[in-house]
Each structure stands twice: as structure tokens, then as C-alpha cells.
Amino acid sequence: MVQRKRKYSSLCLVLTLTLSPSASSLIVRGVQDEWPPYFHKDTMNKGKLHRQVDEIFCAAQMELAVEILPWNRAYKMAKSGEVDVILGAWKTSQREKDFYFSEPYYTNQIKLISLQSSPVQYKDLQQERSISIAVVSGYAYGRNISNKHVNFFQTKSANENI
């Protein structure tokens with residue numbers, strides 16, 4: 001059985017510090033990258049967290065207009081004030097300099113996934129065996145993730161990593 005590192009993370013709505021004109025008209029412009037099963041480009045099956053965030057804004061009598069984009073572009077649009085919110089992001093000290101974070105609306109577990117034919121026996125980042133890990137460019141992975149035995153391959157989306 002493959003052992004996987006567990007990390008509990010909370011997803012928060014990331015709000016820009018300056019409100020855009022669309023916020024006053026009760027239409028909130030949001031962005032998010034595609035992250036199955038939480039956020040999908042498919043408008044019929046938005047993903048479970050997309051639907052949850054829709055309900056949050058609906059309860060506040062606001063309409064949420066979301067565009068699914070690559071993470072780095074979504075982040076830059078929020079930072080420049082082109083959009084009002086990022087639907088799901090982890091809180092980091094660097095991001096707190098630019099954004100206000102809501103209370104978490106979802107908590108998940110992050111695990112390493114490997115093929116059954118080539119299981120990764122992972123304990124911690126201090127292990128001696130070299131492994132390769134695909135990560136999404138611009139995502140927050142924590143301070144202690146670098147290690148000489150871990151080769152990181154940056155991709156543009158979670159789908160590329162699967």
C-alpha cells in the first residue's frame with residue numbers, strides 16, 4: 001500500500017483589497033483555475049466547491065460570474081483588481097500582503113499520488129530516495145517543500161499532473 005503524506009489545508013475566498021465597480025452592482029467577478037473535482041470549466045458540472053461558493057454569494061444576494069483560467073493568470077487578474085475574488089486559494093504570508101482572506105469554507109487533504117506499479121513510500125522530505133513530483137506553477141506548497149532528493153516539475157494546471 002502506498003503511504004501518502006497528509007496535509008490539511010483550508011481553502012478561502014481571496015478578495016482583492018480594492019473593490020471594483022462591479023461589486024456595487026451585486027455582481028461579483030471571480031476567477032479560479034480548473035481543479036477537478038472542485039472546479040471545472042464545464043458549466044453544467046461546475047465542481048462541488050464552485051457550487052458551494054455560488055450558494056454563499058446567492059445567500060448574500062449577489063451574483064457570482066466566474067471565469068476558469070490558468071492559475072497564474074487568475075492570480076494576476078485578482079491582484080490587479082480586474083476581478084473581485086479567487087474562489088479557492090491557500091493563505092500564505094506573501095498572499096496576505098495583497099489580499100484579504102475569508103474564513104475557510106472547505107478543508108482538504110493533500111496526498112502524493114503514484115502509479116500502483118511504482119509506489120512512492122513517502123515519510124517526509126528528509127528521505128534519501130529521490131522522487132519526482134509534478135506541481136502547478138504559482139500554487140502554494142509551503143516553506144519546507146524544497147529538498148535535494150525531490151525533483152519538481154512545474155506544470156500549468158492540475159489536469160497536466162494527472
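The shown structure was predicted, so the numbers you read here are calculated from the model rather than taken from an experiment.
With values rounded to the nearest 0.5 angstrom, Glu55 atom CD is found 11.0 Å from Leu49 atom CG. A distance of 11.5 Å separates CZ of Phe57 from CG of Leu26, quoted to the nearest 0.5 Å. Between the CD atom of Glu67 and the CG atom of Leu87 there is a distance of 12.0 Å, given to the nearest 0.5 Å. With rounding to the nearest 0.5 angstrom, the CD1 atom of Ile86 is 10.5 Å from the CG atom of Leu69. The distance from the OG1 atom of Thr92 to the NZ atom of Lys97 is 9.0 Å, given to the nearest 0.5 Å. The distance from atom NZ of Lys41 to atom CG of Asp33, rounded to the nearest 0.5 Å, is 10.0 Å.
Remark: the backbone N or O of Arg29 is paired with a side-chain donor or acceptor of Asp84 at under 3.5 angstrom. The backbone N or O of Tyr105 sits less than 3.5 Å from a side-chain atom of Gln52, completing a donor-acceptor pair. No side-chain donor-acceptor contact under 3.5 Å links Gln32 to the backbone of Val66.
Ring planes of His50 and Phe39: tilted class, angle from 30 to 60°. Taking the six-membered ring for Trp and thresholds of 30 and 60 degrees, Tyr38 and Trp35 have ring planes inclined between 30 and 60 degrees apart.
Scanning all heavy atoms of the two residues, the minimum distance from Tyr75 to Arg95 falls at OH-CG, 3.5 Å. For the residue pair Ala65 and Ile27, the shortest heavy atom distance occurs at CB-CG2, 4.3 Å. When every heavy atom of Ala89 is checked against every heavy atom of Phe101, the shortest pair comes out as O-CE2, 4.3 Å.
Between Leu64 and Val85, the closest side-chain pair of non-hydrogen atoms falls below 4.5 Å. Taking the side chain as every heavy atom from C-beta outward, Tyr106 and Val53 never approach each other to under 4.5 Å.
A side-chain donor from one of Ser80 and Glu82 sits under 3.5 Å from a side-chain acceptor of the other.
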